[in-house]
Every structure is written in structure tokens, then in C-alpha cells.
Amino acid sequence: MLRTSLTLVLLACVCTAQAGTNLQLQESGVDVRLRGISTVDSSIAWASGQKGTVLRTVDGGAQWQAVHVDGAETLDFRDVEAFSAEVAVVLSIGPGEASRVYRTEDGGWSWTLALQNQDPRGFFDCMAFEGERGWMLGDPVDGRYQLFATDNGGRDWRQLANGPRAETDEAAFAASGTCIARLHGALAVASGGARARVHILRDGQQEWQTVDTGMARRKSEAGVFSVALLAKGWFAVGGDYRGESMPGNAAIGTGETVKRIIAPRGYRSGAACVGDTLPCIAVGPSGTDLWDGNRWHALGDVGFDAIDLHGNIGWLSGDAGRIARIVIDDD
């Protein structure tokens with residue numbers, strides 16, 4: 001039987017769930033909203049957020065170090081993808097040239113501007129990597145999502161011509177850096193607004209498969225916000241971000257088949273699964289929940305925007321500089 005407890009003393013929060021799942025708040029040293037999080041291993045993680053904020057830990061989160069990106073003080077870094085303690089890529093959002101991608105190879109001491117949006121209609125949203133290969137998603141321009149690719153870890157990017165087709169008023173959400181995911185041999189793109197869909201492109205193919213998730217849609221604040229890898233498909237969460245405490249949405253898909261599952265307690269903006277298996281964790285401003293394949297287990301009511309796991313260990317990030325480390329014991 002699931003046991004959930006929450007202890008909040010200063011900035012130390014421990015939540016214990018089924019099989020010993022542990023969620024502990026850490027001191028980030030900042031007070032801005034952190035919507036980007038990337039876990040390298042049990043010791044190393046990076047976070048990113050408003051006012052050009054980028055953070056790094058190399059000791060499991062005992063200390064978080066702020067690193068400076070020259071010329072980015074006003075940018076909102078919605079996604080960070082880290083490869084090691086030294087190498088990471090961050091993505092900022094905004095119209096036109098505010099959408100950028102930077103890369104560091106020395107732990108954040110110096111950064112190179114690797115990509116900057118030149119189209120005033122463009123708006124970068126999220127990134128996903130598989131080793132040195134990576135993809136970056138931007139909102140639709142002329143009826144197609146912008147899609148960029150890299151073969152060298154984000155040093156150089158090229159725009160692809162076959163981004164997913166979008167309907168009028170359909171777009172992606174830069175809420176947690178997880179609106180694009182690398183599946184086994186495929187890409188998955190989550191969308192909202194007019195439609196709430198997952199677009200899938202299998203390696204070697206040119207045409208995207210489009211799956212209607214049945215989630216909230218037909219308004220700009222609703223849809224699929226996050227998609228994560230599962231062994232034979234994907235796991236997605238979403239809802240309506242203007243109704244944070246209203247029941248959210250979740251679904252599991254394989255190919256063109258989608259299965260709606262029980263709604264989490266509230267709107268959920270980020271999701272990650274243990275490896276490519278269950279359980280999966282979903283986060284949102286109204287709390288954190290674990291999906292075990294049959295039902296949701298509440299891990300706490302403290303709000304987060306983003307989550308990233310490396311195996312059964314990872315970090316969560318959110319508003320007011322909130323960062324927490326999670327360990328999922330599946331013994």
C-alpha cells in the first residue's frame with residue numbers, strides 16, 4: 001500500500017511513496033522560475049530559467065552554482081540539455097532573436113551562441129538529444145513546426161524542411177523543455193491549442209503520423225504539454241495551465257494508438273519515466289504524482305514545472321527557484 005508523507009522544514013522536503021520514492025527540496029540560491037532541468041547522473045545536474053539563469057551541481061545538489069551567460073541576462077531559458085559536468089546546451093524562448101541556443105564546454109565559464117532565430121514569426125520551444133544527435137522544436141511558421149537538427153551535440157544546427165504540419169492555432173508549449181522527445185527510432189512532438197496531438201516521425205520516413213490524444217484543446221492554454229519515452233511508445237501529460245488545480249490529462253500511446261488514462265489531480269506540465277519503463281512521474285504547479293500503470297499516487301502538493309530522470313534518480317524544478325532531487329526505489 002502506498003504511504004505518502006510530506007515534511008517541510010525551511011527548504012528541506014522529504015516525501016516517501018510506494019517502494020521508498022524520496023523527494024527532497026534543495027537550496028538553489030535563486031528566486032526565479034526554473035523551467036529547465038537536466039540530469040546527467042546521480043551527482044550532476046543542470047537547471048535553467050528566467051533572467052538568463054543557469055545553475056549546475058556536481059555533488060548531488062548539496063550546492064548549486066550559478067553560471068553566467070554573457071548577453072543573456074534578460075532571456076528566459078526554458079530548456080537545458082546536459083551531457084556532463086562541463087558540457088551543456090540551453091535554449092531561450094521569445095519572439096524573433098530572443099529565441100536562442102547556447103552551448104558551453106567548460107562548465108559554464110564561457111558560452112557560444114550556436115543558433116539564433118532570424119524569423120520574427122519564429123518561437124523556440126524545446127530540445128531533445130540522443131547522444132550527439134539532437135533536435136529543437138519551434139512553433140509553426142507557414143503551417144509547419146520549425147524543426148532543427150544537430151549531429152555534434154548542439155555546436156551546429158540545420159533547419160529541416162519536414163517539420164510536423166500544424167493546423168491553425170495549433171502550437172507547442174515551452175513549459176518544461178519536454179514538448180519533444182526521442183523515442184526508440186522515432187521523434188515525438190506534443191501540441192496544444194486548436195488540437196491536442198502527438199506527432200511521430202519514424203527514422204527513415206518523411207511523413208509524420210499524427211495521434212489525437214483526446215486531451216483538452218480548442219483554447220490556447222490547453223493541450224499536451226509534455227511527452228516522454230516508454231519502451232513501446234510514449235507517455236504524455238497536459239491539461240489547461242489556467243486551471244492548475246483542475247483535473248489534468250494523461251495518455252499512453254504506441255504508433256497510431258492512444259489510450260487515455262486516469263486524470264492526474266491537476267494540470268501537469270512535465271513528465272519523465274524510469275528508463276523507458278514505469279513508473280512515470282508527472283509534475284505541475286499543484287503537485288507531483290507517480291503513475292504505476294494502474295493508478296496515480298500523490299507524492300506531494302509542492303508545485304514544480306519540469307522533471308528529468310536518469311534511471312531512477314533525477315531532479316525537479318519550478319517557481320521561486322524551487323529544485324528537488326527524486327530517488328525512485330523500485331525494489
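Taking all atoms of both residues into account, the shortest heavy-atom contact from Ile44 to Asp41 is N-OD1, 2.8 Å. In plain terms, the two heavy atoms of Ser92 and Phe124 that are nearest each other are O-CB, 3.9 Å. Minimum interatomic distance between Gln50 and Thr53 (heavy atoms only, all atoms of both residues): O-OG1, 2.6 Å. When all heavy atoms of Pro140 and Ala166 are compared, the pair lying nearest together is CG-CB, 3.5 Å. Nearest heavy atom pair, residue Arg242 against residue Asp240, reads N-OD1, 2.9 Å. Across Phe173 and Gly192, no two heavy atoms sit closer than the pair CE1-CA, 3.6 Å.
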**Request:** Evaluate the criterion salt bridge (charged side-chain N to carboxylate O under 4.0 Å, His left out) for residue pair Arg182 and Asp203; output intermediate values, then yes/no.
**Result:** CA-CA 11 Å; Arg182 180 63 178 169; Asp203 291 354; 2.6 Å; yes

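In summary, Arg103 and Asp156 do not engage in a salt bridge, as defined by a charged side-chain N under 4.0 Å from a carboxylate O. Electrostatic pairing of Arg33 and Asp76 does not count as a salt bridge here, judged by no charged N lying under 4.0 Å from a carboxylate O. Ion pair Arg265/Asp301 flagged as a salt bridge, since at least one NZ, NE, NH1 or NH2 atom sits closer than 4.0 Å to an Asp/Glu carboxylate oxygen.
Between Trp46 and Trp111, the ring planes are perpendicular. Angles over 60° get that label, and only those under 30° would be called parallel. Using a 30° and 60° split on the angle between ring planes, Trp157 and Phe129 fall in the perpendicular class, above 60°.
Taking 4.5 Å as the limit, some side-chain heavy atom of Arg260 sits within range of a side-chain heavy atom of Asn249. When side chains are defined from C-beta on, Trp291 counts as touching Leu278, because their heavy atoms get closer than 4.5 Å. Glu105 is listed as a side-chain neighbour of Arg155, based on a closest heavy-atom distance under 4.5 Å. The shortest distance between side-chain heavy atoms of Leu230 and Cys280 falls below 4.5 Å.
Inspection of the Thr210 and Asp212 side chains reveals no N or O donor paired with an N or O acceptor under 3.5 Å. Of the N and O atoms on the side chains of His310 and Asp308, not one donor lies less than 3.5 Å from an acceptor on the other residue. The closest side-chain donor-acceptor pair between Ser286 and Arg268 falls under 3.5 angstrom. At a cut-off of 3.5 Å, with distance as the only test, a side-chain donor of Arg56 or Gln65 sits close to an acceptor on the other residue.
When the options Asp305, Asp125, Asp79 are evaluated for a salt bridge (Lys or Arg N to Asp or Glu O under 4.0 Å) with Arg35, the one that passes is Asp305.
Hydrophobic clustering (ILVMFWY, side-chain heavy atoms < 4.5 Å, transitive): Leu25 and Leu316 are in one cluster. Under a hydrophobic clustering in which Ile, Leu, Val, Met, Phe, Trp and Tyr are joined whenever their side-chain heavy atoms come within less than 4.5 Å, directly or via other members, Phe304 and Ile323 fall into different clusters. Two different hydrophobic clusters hold Phe83 and Tyr102 under the rule that ILVMFWY side chains link at heavy-atom gaps under 4.5 Å. In the hydrophobic clustering of this structure, Met136 groups with Phe123; members are Ile, Leu, Val, Met, Phe, Trp, Tyr whose side-chain heavy atoms approach within less than 4.5 Å, directly or through other members. Val69 and Leu34 fall into different hydrophobic clusters, defined by Ile, Leu, Val, Met, Phe, Trp and Tyr side-chain heavy atoms under 4.5 Å apart, directly or through other members.
Taking CH2 of Trp234 as the reference point, atom OG1 of Thr254 lies at 8.5 Å (rounded to 0.5 Å).
The environment of CD in Gln63 is sparse: at most 12 heavy-atom neighbours from other residues, nucleotides or ligands sit within 6.0 Å.
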